[in-house]
Asker: 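Here's a structure for you.
To find a chain, count down the sequence lines: A is the first, B the second, and so on, and within it residues start at 1.
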Amino acid sequence: MASVSHNPPRGTRDFYPEDLRQRNWLHGQFRETSRRFGFEEVDAPVLEHAALYQRKAGEEIVEQLYHFELHGRHLALRPEFTPSLARMVMARRGALRLPLRWFSIPQCWRYERMTRGRRREHYQWNMDIWGEPGVNAEAELIAAIFTALDSFGLAKGEVVLRVNHRALLEEKLQRDFLRSQPGVFEALCVIIDKLDRSGADAVCAQLSDPKGTVRLDPAAATELVAQLKGTGLEAAARGAKENSPALADLHTLFTALDAYGLAERVRFDASVVRGLAYYTGIVFELRDKGNKFRALCGGGRYDRLLENFGDKPLPAVGFGFGDAVISELLAERGLLPELPRALDAVVYPMSEATRPAAVRLVTKLRDEGCAAELVLTELRAKRVFSHADRAGAARVYLIGDDEHARGVVRVHELESGEEREEPLPR
RNA sequence: GUGGGCGUAGCUCAGUCGGUUAGAGCGCCGGGUUGUGGUUCCGGAGGCCGGGGGUUCGAAUCCCCUCGCCCACCCCA
């Protein structure tokens with residue numbers, strides 16, 4: 001038999017007990033936050049029909065799909081959760097009471113080159129509200145994000161949520177450009193999303209590329225990109241058309257956020273568009289203060305996603321919050337806890353003669369809810385105590401022939417060293 | 001994709017102008033008399049020195065190839 005690599009495939013991770021304790025802690029904060037906001041947890045298969053991700057706007061998330069054909073089916077590992085969610089909503093559309101509030105912590109996959117904080121697999125906390133067109137839904141989701149951040153112990157100024165409204169951009173282009181080029185707005189957003197990393201010149205070039213999908217006039221592209229620099233609501237107002245519904249949304253949102261006490265932690269930023277094609281309204285992303293990491297979290301409104309699947313539209317808004325970047329940030333701040341193994345008791349029969357009594361005892365302890373480990377072979381006491389200590393057990397229950405004969409068990413508290421006897425259960 | 005660094009015990013690493021049986025710390029296992037941990041003392045196991053090829057009397061050490069990991073850049077949500 002050929003020997004096998006001990007490493008998991010590139011870009012994936014193993015979770016040893018100490019790692020999984022940490023992951024569970026993180027996911028626990030996500031779950032608890034979701035619970036407090038009244039959301040219900042859902043899940044879907046990691047494996048989906050590849051057709052669920054067939055889109056035209058050139059999104060990277062789709063280009064990096066893990067996919068394959070098997071027995072004539074084209075399948076893919078989910079790169080994000082929203083399409084699965086949409087599928088689930090469509091399937092029960094008539095029976096769902098709206099607005100519905102669902103959350104999930106799916107493992108998502110994408111095939112991309114590895115660098116710091118980028119893996120090919122990660123867990124992404126999602127919260128979504130379906131059936132609510134108003135921005136109060138956005139406000140709830142943003143509040144949940146900050147509740148989670150606070151639960152990690154992250155200082156308030158460490159991260160900023162940057163908000164924009166795609167319709168603000170769409171309104172501007174609507175009168176002339178989009179009339180002659182219907183259907184390119186999504187692709188345009190996907191390109192603009194790269195502004196941060198590719199730079200203004202590259203983005204302008206792509207927008208006005210005569211062979212590209214958008215084919216904006218070069219001068220218009222330059223002007224458009226220049227307009228994306230604004231931050232703050234005044235900047236939003238400056239660029240907006242009269243009676244702009246998008247601007248009204250933003251004002252309503254900030255008023256709502258103020259009531260949550262979050263207005264200072266959220267900032268309008270015209271350059272935020274997000275790289276997913278299906279967003280239609282408010283979009284947002286969470287960045288660290290120094291802009292050192294990638295976005296910790298991104299989301300927005302996607303009221304027309306169901307149209308892509310041949311169904312009638314249904315208002316929806318949600319976000320995805322990956323575990324990779326937040327873990328890096330928390331680790332850097334020393335906020336990732338080293339969690340001990342939670343073991344209450346080690347039950348130690350000193351001989352095979354006392355084993356039945358030990359089994360009865362450990363069963364009783366387990367029935368009472370204790371995490372109790374049973375010593376499985378005859379071992380020297382020294383070995384058992386040493387092991388119990390390492391495992392972080394609170395106490396050792398020792399049953400020797402002497403105790404057994406007297407119907408008792410010797411209970412040794414490891415932290416204090418105190419010992420006492422308790423009657424053995426019958 | 002480009003450039004650089006690194007692969008030696010379970011882990012972190014030392015050793016490398018080529019030369020006898022390859023080292024340390026931590027961890028692991030055993031012991032310091034009969035049934036008690038965390039400290040300490042003593043002992044032990046464990047390495048085709050990432051893999052393949054070459055040079056040489058001789059290679060962990062030099063050369064070539066290959067795989068893996070890390071960092072930077074490129075690319076990119």
Side-chain angles (χ1 to χ4, degrees), chain A residues 2-13 16 18 55 57-65 79-80 82 108-120 122 124 162 189-199 202-203 206 271-279 283-287 291 293-300 319-322 324-325 340 343 345-346 348-351 353-354 375 378-406 408-421:
Chain A
S3 71
V4 154
S5 168
H6 295 184
N7 295 331
R10 192 162 231 267
T12 67
R13 307 165 277 179
Y16 288 90
E18 59 275 20
R55 303 180 204 146
E59 297 155 285
E60 195 182 42
I61 202 169
V62 172
E63 287 163 5
Q64 296 176 333
L65 203 60
E80 54 157 344
T82 308
C108 297
W109 295 79
R110 59 180 172 194
Y111 194 85
E112 68 173 347
R113 217 183 290 157
M114 303 283 307
T115 57
R116 182 181 188 211
R118 261 202 287 184
R119 280 180 261 100
R120 290 178 176 174
H122 71 151
Q124 190 189 58
R162 307 203 295 211
C189 285
V190 169
I191 292 171
I192 289 177
D193 177 60
K194 294 162 186 160
L195 188 59
D196 215 25
R197 288 187 165 67
S198 308
V203 167
Q206 276 194 61
S271 70
V272 172
V273 293
R274 302 300 300 159
L276 293 172
Y278 52 63
Y279 289 129
V283 283
F284 53 86
E285 64 188 26
L286 187 72
R287 305 300 294 246
N291 217 8
F293 301 102
R294 291 148 55 97
L296 287 103
C297 163
F319 68 79
F321 190 135
V325 181
L343 186 64
V346 170
Y348 172 36
M350 293 200 68
S351 68
T354 64
V375 175
E378 259 185 66
L379 292 177
R380 296 169 29 136
K382 187 177 180 170
R383 181 83 177 74
V384 171
F385 278 80
S386 167
H387 165 74
D389 188 50
R390 297 286 177 112
R395 58 194 66 87
V396 173
Y397 288 81
L398 176 155
I399 310 173
D401 293 332
D402 172 51
E403 286 81 6
H404 188 235
R406 292 168 28 235
V408 298
V409 55
R410 182 165 287 271
V411 186
H412 181 117
E413 296 290 338
L414 282 166
E415 197 173 334
S416 62
E418 168 214 330
E419 283 199 351
R420 63 179 183 276
E421 288 185 345

Asker: Which residue lies toward the 5' end of RNA chain B, A:Arg110 or A:Asn7, if each is placed at its nearest nucleotide?
Answerer: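 With A:Arg110 and A:Asn7 compared, the 5'-side residue is A:Asn7.
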Asker: Counting primed atoms plus P, OP1 and OP2 as sugar-phosphate and everything else as base, spell out the protein contacts along nucleotides 25-37 of chain B at 4.0 Å heavy-atom distance: B, S or - for each nucleotide, 5' to 3'.
Answerer: --SSSSSB--BBB
Asker: Under a 3.5 Å distance rule, please check whether A:Tyr397 uses its side chain to pair with a backbone N or O of A:Pro349 as donor and acceptor.
Answerer: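 Not confirmed, A:Tyr397 side chain does not pair with A:Pro349 backbone.
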Asker: Remember a base hit wins even if backbone is also touched, and classify A:Arg274 as base, sugar-phosphate or nothing at under 4.0 Å, heavy atoms.
Answerer: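 Counting heavy atoms under 4.0 Å across all strands, the contact made by A:Arg274 includes a base.
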Asker: Please give, in whole Å, the distance from B:rA77 C1' to A:Gln64 CD?
Answerer: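 About 8 Å, once rounded to whole Å.
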Asker: Considering non-hydrogen atoms only, spot the tightest contact between A:Thr354 and A:His404 and give its length.
Answerer: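 Taking A:Thr354 first and A:His404 second, the nearest heavy atoms are CG2-CB, 3.8 Å.
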Asker: To check you understand the geometry: which heavy-atom pair defines the closest contact between A:Leu296 and A:Arg287, and what is its length?
Answerer: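 Reported closest heavy-atom pair: CD1-C, 3.8 Å.
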Asker: Please say whether more than 12 non-hydrogen atoms of neighbouring residues, nucleotides or ligands are located less than 6.0 Å from CD in A:Glu418.
Answerer: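 Count over threshold, so yes.
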Asker: For B:rA77 and B:rU12, measure between their C1' atoms and round to the nearest Å.
Answerer: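 Rounded to whole Å, the distance is 35 Å.
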Asker: Return the minimal non-hydrogen interatomic distance between A:Leu379 and A:Val384, and the atom names on each side.
Answerer: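 Closest pair (atom of A:Leu379, atom of A:Val384, distance): CB-CG2, 3.8 Å.
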Asker: Both distances under 3.5 Å, Watson-Crick or G-U wobble: on that basis, could you give the dot-bracket string for RNA chain B, with [ ] for crossing pairs and | for other-strand partners?
Answerer: (((((((..((((.....[...)))).(((((.......))))).....(((((..]....))))))))))))....
Asker: When you measure from the side chain of A:Arg120 to the backbone of A:Glu112, do you find a donor-acceptor pair of N or O atoms at a distance under 3.5 Å?
Answerer: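 Such a contact is found between A:Arg120 side chain and A:Glu112 backbone.
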